[in-house]
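These notes concern the structure reproduced below.
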Amino acid sequence: MSTITPEEVEHVANLARLEFNEEEIAEFTHQLGRILDYIGKLNELDTTDVPPTSHVLPLHNVQKADDAHPSYDRAVVLDTAPSAEEGYFEVPKVIE
Amino acid sequence: MSLYQLTAHELHEKLKAREITSAELTQSVIDRIDAVEGLIEGYITLTKETALQQAEVADVGFQRGDEMPPLAGIPIAIKDVICTKGVLTTCGSKILGNFVPPYDATVTTKLHQQGSVVIGKTNMDEFAMGSSTENSAYRITRNPWDLDTIPGGSSGGSAAVVAADEAICSLGSDTGGSIRQPAALCGVVGMKPTYGRVSRFGLVAFASSLDQIGPFTKDVTDCALMLNAICGHDPMDSTSVNLPTPDYTKYLTNDIEGLRIGVPREYFIEGMDTEVESIVHTAVEALRECGATIEEISLPHTEYAIATYYIIAPAEASANLARYDGVRYGYRAEEADELIEMYKKTRSRGFGEEVKRRIMLGTYALSSGYYDAYYLKGQKARTLIKSDFDRAFEAVDIIVTPTSPTPAFKVGERTADPLQMYLSDVLTTPSSLAGLPGISVPCGLTEGGLPIGLQMLAAPFEEGKILNAAYTFEQHTNHHLQKPDL
């Protein structure tokens, strides 16, 4: 594991749909670097034959019956939206 | 004693005997809130009017002589990360500053089914990310035992309002210690049930493989009653487990003769507060006097838990928090004229610093080229941490540890250094990663008058064992009866 660079911080910010000014990029580079150094402690562990745990319970492929149920009223759901029009969520322009 | 000071089970007897009404009780709690909330600031939203209406509904049942559930007419506070239909649910974040859910979480529905009175929504670290409640976008909650200190977190509001008698009980959520740590620091009982024991439907997601809802109460009997009310399988949460739900009060026998208790040597870490260490050792001796056998055990991967947690939890959070995009609910940055720009501006302004830090950390750990080194490595370390507990529970019934390595710290003391704040959870994250049930009970005060918590852990779905050990300890010692001077 390597310490993170300002360029990587900018790349990750873009992936996460966040934007930062230069000062914030510098601060994140420093802080994330320290946290990642600490996390590097895990390299002390030999995990060659250890299976990963993604879920603590022995649950697999929980399925439910394919029954139709009434859902929330469209108007109620759209009511929480910052902007809605004619039954749709409204967003800024997507395509040039 | 004023009504607001009593426990739910004491109040239930009085309500049933018609010595008091829920309306009087609710008014008593409201008066208490009016008197001390200015000092504590444990609530984000108060629902006094609807609370009094719910109290009147409960009173009709009591007056008719109906068989009323144990939490009927009892004023309960709910952490602001749990959805309440028609009541603002902010998660302590600006990005949900105007979010009024169109539905109730399953636990909220279950409290309504009991006929409980919902008194308000409590303050928290934004999206439950923090250990001091200082990451709230709204206010700094104070510890009722010392107003210069933090109440712990992330469910700091839920812990503080119970400690300050501003609610009889409350609900919180625990991802890496967010119920147990604030319970310890505020001198109340707090329980994280086994992962899957309580439905997460309507709990705003932070780290889905770790999050679990649980109660804060003034004693262990109330904790069992709250767990009875909220646990059980829910078709709306596919990770909730379809197992029978026992009456947890039946486990409270005040008899732990022969109970095998393990005390892990790795939990008495370097840099631990010496008063915490000695108070916890005294508590362990008290359990021995009650008839338990005490043995030292080893959980060798304990020191890797924080590193593992700070890969897994932020990774899951980065995925869960992708939904806050300014489209369907919450805040939107208005002036962007293109979609991606709108996402970026909305998220950068709507989220606080710690949330952004964790989204960044999680996105990095999951990004191309780093997945194996971080996320997969973390999941493998998680297996090792879980196996430590599996092995330990072959030899002992429960594990007893300090809940937090220090008592409540000063407001502002750890905000400058995120890593230092993360280490506050060093004794609670290992069991969270293993999905185990855990409870924190008050076990004494420091010389400075700050509460210390005793953590008890059991194998999955063995809540009954730790509830009884905690109950027996409580009956034997009475630390839970100490109250802050407010």
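To find a chain, count down the sequence lines: A is the first, B the second, and so on, and within it residues start at 1.
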May I ask you to decide if A/T53's main-chain N or O and B/T383's side chain share a donor-acceptor pair within less than 3.5 Å?
yes

A/R34 side chain vs B/D417 backbone, donor-acceptor pair below 3.5 Å
no

Please identify each residue that fulfils side chain to side chain contact (heavy atoms under 4.5 Å, CB included) with A/P82, with sequence neighbours left out.
B/R332

So which part of [X] gets closer than 4.5 Å to some heavy atom of chain A, the side chain, the backbone, both or neither?
| X | answer |
| --- | --- |
| B/T239 | both |
| B/L361 | both |
| B/E303 | both |
| B/S318 | neither |
| B/L433 | backbone |
| B/Y309 | neither |
| B/A336 | backbone |
| B/P460 | neither |

pair [X]-[Y]: side-chain heavy atoms closer than 4.5 Å:
| X | Y | result |
| --- | --- | --- |
| A/V9 | B/Y364 | no |
| B/K386 | A/V56 | yes |
| A/P92 | B/D337 | no |
| B/I311 | A/L42 | yes |
| A/E90 | B/V327 | no |
| B/K377 | A/N43 | yes |
| B/L423 | A/Y38 | yes |
| B/K380 | A/P51 | no |

Out of [options], return the one with the most heavy atom pairs under 4.5 angstrom to chain A.
| options | answer |
| --- | --- |
| B/Y103, B/F351, B/Y331 | B/Y103 |
| B/V241, B/T308, B/T346, B/I312 | B/T308 |
| B/M360, B/H301, B/M342 | B/M360 |
| B/P418, B/P101, B/S209 | B/P418 |
| B/Y329, B/Y304, B/Y375 | B/Y304 |

Closest approach of A/F28 and B/E353, non-hydrogen atoms and distance?
CZ-O, 4.4 Å

Which atom names give the shortest non-hydrogen contact between B/Y195 and A/H55, and what distance separates them?
CE2-CE1, 3.4 Å

Determine, stepwise, if the pair A/I35 / B/R357 fulfils side chain to side chain contact (heavy atoms under 4.5 Å, CB included).
CA-CA 10 Å; A/I35 296 165; B/R357 190 152 41 236; 4.3 Å; yes

Please assess B/D325 against A/R17 for the test side chain to side chain contact (heavy atoms under 4.5 Å, CB included), listing each intermediate value before the final yes or no.
CA-CA 9 Å; B/D325 57 3; A/R17 298 293 185 245; over 6 Å; no

Proximity breakdown for A/F89 and chain B, heavy-atom pairs closer than 4.5 Å:
side chain

Heavy-atom proximity to chain B below 4.5 Å, by part of A/L32:
side chain

Among A/L15, A/V94, A/L57, which residue has the highest count of heavy-atom pairs closer than 4.5 Å to chain B?
A/L57

Specify which of A/S83, A/A84, A/A81 makes the most heavy-atom pairs with chain B at under 4.5 Å.
A/A81

Rounded at 0.5 Å granularity, tell me how far [atom1] in [X] sits from [atom2] in [Y].
| X | Y | atom1 | atom2 | result |
| --- | --- | --- | --- | --- |
| A/I39 | B/L419 | CD1 | CG | 9.0 Å |
| B/F99 | A/T80 | CZ | OG1 | 6.0 Å |
| A/L36 | B/Y310 | CG | OH | 14.0 Å |

Within residues 62-75 of chain A, residues adjacent to chain B where the heavy-atom gap is under 4.5 Å:
A/V62, A/K64, A/Y72

Tell me whether the count of non-hydrogen atoms from other residues, nucleotides or ligands lying under 6.0 Å of NZ in B/K85 goes above 12.
no

Can you see whether A/N14 engages B/K344 through a side-chain donor-acceptor pair at a distance of less than 3.5 angstrom?
yes

Do A/E19 and B/Y343 meet the criterion of a side-chain donor-acceptor pair at a distance under 3.5 Å?
no

